[in-house]
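Okay, structure first, notes after.
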Amino acid sequence: MTEATPPPEPNQTTTPAEAEPNGSATGLPRIIQTVTNVNVRITVLAIITALVIGAVLIALSDEQARTALGYVTSRPGDFFDASWTAIEEAYRALFRGAFSSNRALSESLTSAIPLVLAGLAVTIPLRAGMFNIGGEGQLIAGGLAAGFVGFAVTGVPTVIHLPLAVLAGLAAGAAYGWVPGILKSRTGAHEVITTIMLNNIAIFVAEYLLTTSKFQAPGRSDPVSRPVLDSAKLPRLLPADDLRIHAGLVIMVIAAIAAWVLIERSTTGMEIQAVGLNPHAATSAGMSVGRVTVLALAVGGLMAGLGGTGQVLGLNHRLSTGFSGGLGFDGITVALLGRGRVGGTVAAGLLFGALRAGGRTMQAQSGTSLDLVTVIQALIIVFIAAPALIRALYRIRAESTGTVEVSSGWTS
């Protein structure tokens, strides 16, 4: 006599986002878990190590140092003197371009505004266990909407026009983040795949729109929009003509504070973190994983949309192909360096903004390529993603976690 299988209990429905355990439901890669667990000491040492390797690259790329390298066995002092001179000139120019004057500080902060906002677009979903690679598309969507309202709406005062343009960019970015959230919560579609595809859609749609009569500037054959009206421009914060820092800095600060309050001081933030840590436990506690998924990606899109809004209304004052400049992708680097924390993301965005501003001065004054800044940024992330390497280099004892980390794929 066989025992009958009991029928399934009624009223127990499982959404695709809740159907699998934490690793596969969220798709959170082990590399992201590693990065978010890196402590501050490892982060600082990763930055120092990247700068040291950057110094070696500066020496090897300097013509005088390379010439002296051929005589290093007979005249080693010449090589070291030439190398030190090249490194000192490059890093001194980098520092001057980032911090030495009001103009330098203005450029650093101006560069940091979209980086911080794009980084928050990654950080917030990261806390919910998702990897938002769609910051570029969300930034483009926000910039397109803000720019269109900025030049298409006429005859209204600044007090109405500017907030309307900012809200349009904010809403467009949030809507573009909402789409992969809905796809994940309703169908289980992986956010990495959907956001990558949505990036491409945003890029090509923007290129098309800039050739239409609704966007393209009259008399222009190239894909450039009409200029944003003065009533929709973000005002400059300082009166000098050569200081480009604009009110987007205020928006960035407000957005960062709001993100911190959301994640660290609200019930919704507790739910976001609970879902990121263990969606099964969150479901058992009565939380809706699907709702949190949509919310986290929509708020992330909102942050990226604000980044695009600031670029268009505060800096470029018109739309053109490539106006995003890859800032949405740079936001991934900023969020990883910030270890998935709001405060860390802001600090990382300020650091990378300073590197960008200083890098331009470094290239102009010392001849060192601006690409070195990109190399340094990449090295920082490599070392943060491999904390065991930093511990080995500096003989730091690893924290005991009771587990052994192994390499794994996206769904482990």
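The residues of the chain are indexed from 1 along the displayed sequence.
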Test side chain to side chain contact (heavy atoms under 4.5 Å, CB included) applied to Val153 and Val156, step by step: CA-CA 7 Å; Val153 177; Val156 293; 3.8 Å; yes
Donor-acceptor contact present, side-chain Tyr91 to main-chain Ala55, <3.5 Å: yes
Whether Asp62 side chain and Ser83 backbone form a donor-acceptor pair below 3.5 Å: no
Exceeds 12 heavy-atom contacts within 6.0 angstrom, atom CD of Gln273: yes
Nearest non-hydrogen partners of Ala145 and Ala168, listed with the distance: CB-O, 3.5 Å
Rounded distance [0.5 Å steps], CZ in Arg220 versus OG1 in Thr211: 14.0 Å
Side chains of Arg291 and Glu271 in contact at under 4.5 Å (non-hydrogen atoms): yes
Leu337 and Phe352, any side-chain heavy atoms less than 4.5 Å apart: yes
Side-chain heavy atoms of Arg356 within contact of Leu115, under 4.5 Å: yes
Heavy-atom donor-acceptor pair, Arg341 side chain to Arg339 backbone, under 3.5 Å: yes
Distance in Å, Leu162 CG paired with Leu167 CG, rounded so as to fall on 0.5 Å steps: 9.5 Å
Aromatic plane relationship, Phe95 with Phe99 - under 30° parallel, 30 to 60° tilted, over 60° perpendicular: tilted
Side chain to side chain contact (heavy atoms under 4.5 Å, CB included) between Phe131 and Glu191, worked out: CA-CA 7 Å; Phe131 197 15; Glu191 75 279 359; 4.2 Å; yes
Side-chain H-bond candidate by donor/acceptor type, Thr293 with Ser185, under 3.5 Å: no
Leu249/Met252 under side chain to side chain contact (heavy atoms under 4.5 Å, CB included): CA gap, chis, key distance, verdict: CA-CA 5 Å; Leu249 178 65; Met252 182 203 80; 3.8 Å; yes
Interatomic distance, Leu94 atom CG to Ile376 atom CD1 [nearest 0.5 angstrom]: 6.5 Å
Side-chain touch Phe323/Val312, heavy atoms, less than 4.5 angstrom: yes
Nearest-0.5 Å distance that lies between atom CD1 in Ile201 and atom CD1 in Ile140: 11.5 Å
Thr333-Gln377 side chain donor-acceptor pair, cut-off 3.5 Å: no
Nearest heavy atoms of Leu144 and Ala206, plus distance in Å: CD1-CB, 3.8 Å
Side chains of Tyr394 and Thr49, donor plus acceptor under 3.5 Å: yes
Side chains of Ile113 and Leu315 in contact at under 4.5 Å (non-hydrogen atoms): no
Pair Ser266-Thr268, side-chain donor/acceptor within less than 3.5 Å: no
CZ (Arg92) with more than 12 external heavy atoms under 6.0 Å: no
Exam field: side chain Ser225 to backbone Leu319, donor-acceptor pair closer than 3.5 Å: yes
Verdict with reasoning, Thr321 to Glu207, per side chain to side chain donor-acceptor pair (under 3.5 Å): CA-CA 6 Å; Thr321 55; Glu207 290 181 357; 5.9 Å; no
Contact summary for Phe383 and Ala50, nearest pair of heavy atoms: CE1-N, 4.1 Å
Separation between CD1 of Ile193 and NZ of Lys184, rounded to the nearest 0.5 Å: 11.0 Å
Under 3.5 Å: donor-acceptor pair, side chain of Ser101, backbone of Ala104: yes
Closest approach of Val116 to Leu350 (non-hydrogen atoms, all atoms of both residues): CG2-N, 4.2 Å
Met362 vs Leu372 side-chain heavy atoms within contact, under 4.5 Å: yes
Taking every non-hydrogen atom, the tightest pair across Thr123 and Val342: CG2-N, 4.2 Å
Side chain to side chain contact (heavy atoms under 4.5 Å, CB included) assessment of Ile384 paired with Thr43: CA-CA 6 Å; Ile384 289 178; Thr43 302; 4.1 Å; yes
Separation between CG of Leu355 and CG of Leu51, rounded to the nearest 0.5 Å: 7.5 Å
Short N-O contact, Arg360 and Glu107, less than 4.0 angstrom: yes
Any donor-acceptor pair under 3.5 Å from Thr212 side chain to Leu209 backbone: yes
Donor-acceptor contact below 3.5 Å, side chain Gln216 vs main chain Val224: no
Donor-acceptor pair, side chain of Asn102 and main chain of Leu243, under 3.5 angstrom: no
Any donor-acceptor N/O pair, Asn316 side chain to Arg318 backbone, under 3.5 Å: no
Expected output: side-chain Tyr176 to main-chain Leu198 donor-acceptor under 3.5 Å: yes
Test: Glu264 and Arg127 ion pair at under 4.0 Å: yes
Asn132 versus Gln138, side-chain donor and acceptor atoms under 3.5 Å: yes
Shortest non-hydrogen contact from Thr345 toward Val334: O-CG1, 3.4 Å
Validation row: His161, Leu229 side chains within 4.5 angstrom (heavy atoms): yes
